[in-house]
Amino acid sequence: MEQSLLLFGIVVPALVALATALAPRGAWHGHRRDLPPVESWGPAAALALAFTLSFASVSGAADFGSERWHSISSVVILAGLAAVVVWWNSPPAGSFLAMLLAFCSLMLMDLPGHDGLAARLPSASIGALLALALVPIARTPSFAAPLVLAASFFAISFAALASGHSRIAFIAMAVTMLLVLLAIPSAINRRFILGAPAAGVAAAAMVALAQFGSSYAVQPDVAPAWWWWVPALAPSLSAAPALTGFARDQPLRRALVSLVLVIAAVAPGVMESFARLEAVARELDAYQDQASH
Amino acid sequence: MLTPQRWRVFPNRTAALLVLSGAIIPALIAATLDETTNRATVANPGTTTTTTTATLQGTTAKLQTLSTDPVHSCALFRVRHMGAGYFWGRFNGVTGTVTQDGETSLAMDISISIESVDSGNDQLDAHLKSPDFFNGVEFPSMTFKSAASLYKGNGVFEVTGALTIKTVSKQITVSVESFGGSDFGRGFKSGYETAFTIKRSEFGVDYGVEKGVLGDEVRVVVAIEAGAPAQDRAPAATPKGQAK
């Protein structure tokens, strides 16, 4: 893979977004365990920023808006801005606004097959439910919480690569890298959490990518259903421990179980995508060997 | 013997004959000239119904606006890969019409299906169809519609028209070589070929251009075989060796 693409498509967007996530540090500094976690707008804005910067880097500025898939970037920008505005004025707002955020953003997304309000309702509803499912894990003060979302975006990235959508793969990988980096402050400071706004933005982004994958299904070997499996079902599993009351007083243990569940859910798809990419690489190598003889 | 009444109408009949002669004789002369010179006259660019006579490579055949033969037409493209060698691919789905008026004009209305891209590798085909490149779901075809043509001699026309890829439409001028045609009993067929270079970034297909992974300039070769639509073809040819 070309190095400058890796740098400007993944690393730079993730680092800039990380700085944004850590910016409102005044709200969550302090290491005392008995202090409650602080919900900040930083991680939500960072998610939107990483997505948008990577999109701008890999898609180019020419004719922006000329294709319908460009609207997925608008969705995430809008979700990020709305999260910042809402939580700036009334922190912390909770699950309902996270759902509303994801729902409204996805209703605005304009992809093939997304014509009319009725066609948009299913994906917007899935986004709202996903946001609801993600709020408990996003509010968990543990390094495992960002990794739950990172696993899902990582799986989306591989699905994109295996389907022939390199640009989306870069964007999803930039968000993955940001979430992995966000696990560091989460591990260092127990008051740093992703928060409900980030759950809303992440849900909007995941469902937007799922809608993209199923709308532009150009690789017959990758079923459109796979795109919905990752954003809709896999992250939802992270809510299972909270819903069942598992390890109620042990947030770290609960978050780790969520992480294991999500990784188990996405692993088969990632491995299959990886195997497909390996097969393509082998095919190309064999062809080059044959050509060189 | 003519009556005075008949004498009165005779001058009128003469005038009518003269008028009719004036219209018919030039038409007859023109038809005779057509037969003797065997000059090909085809529909005006943009029309789809004119049927005339053409002789190319010694074969006289009914010629009208011709439809491309998708089996024997294709578009090849060549782009530089990783700053090293040139990579070739092709589009197999070339459809549309070609209208030639001898050495006077050549009109083309061609559509190339994005779904038909064939790079020899399924993964690469999927990538080319994706929004990274052609976005075949939103823009299922790219088109070329000619607006003017100029005969340059030796069967070569300079054709100007609009090339549309995705949302971008640009006027380009290409040299199209007409190879003439023939009829092997399955209808008249004619062949055309053109080669030209475009900058793909100007058409919104810019993946990898900025980072230099893939070249911006794309060499395009379009080969077209066009024939009369099936319903307009003559009855099946007499089997070889049998008297007609």
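Residue numbers start from 1 in every chain, and the chains themselves are labelled A, B, ... in the order their sequence lines are given, proteins ahead of strands. Just so we're clear, the structure is a prediction, and the values are computed from it rather than from any experiment.
Remark: side-chain polar atoms of A/Glu67 are not paired, donor with acceptor, to backbone N or O of B/Thr167 under 3.5 angstrom. Distance alone, capped at 3.5 Å, is enough to place a donor-acceptor pair between the B/Ser130 side chain and the A/Gly164 backbone.
For the options A/Ala162, A/Pro112, A/Ala217, A/Ser166, heavy-atom pairs under 4.5 Å to chain B are most numerous at A/Ser166. Considering only heavy-atom pairs separated by less than 4.5 Å from chain A, the leading option among B/Val137, B/Asp132, B/Val209 is B/Asp132.
With sequence neighbours excluded, the residues satisfying side chain to side chain donor-acceptor pair (under 3.5 Å) with B/Lys145 are B/Asp109. Residues forming a salt bridge (Lys or Arg N to Asp or Glu O under 4.0 Å) with A/Glu272 (at least two apart in sequence, or on another chain): A/Arg276.
Surrounding CD of B/Glu177 are more than 12 heavy atoms belonging to other residues, nucleotides or ligands, all under 6.0 Å away.
With a 4.5 Å cut-off on side-chain heavy atoms, B/Lys166 and A/Ser66 do not count as touching. In this structure, the side chains of A/Arg167 and B/Pro131 stay at 4.5 Å or more apart for every pair of heavy atoms.
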As a quick check of understanding, evaluate side chain to side chain contact (heavy atoms under 4.5 Å, CB included) for B/Glu138 and A/Tyr216, giving each step before the final call. CA-CA 9 Å; B/Glu138 275 184 63; A/Tyr216 297 102; 2.3 Å; yes
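Proximity to chain A (any heavy atom under 4.5 Å) is shown, for B/Phe133, by neither the backbone nor the side chain.
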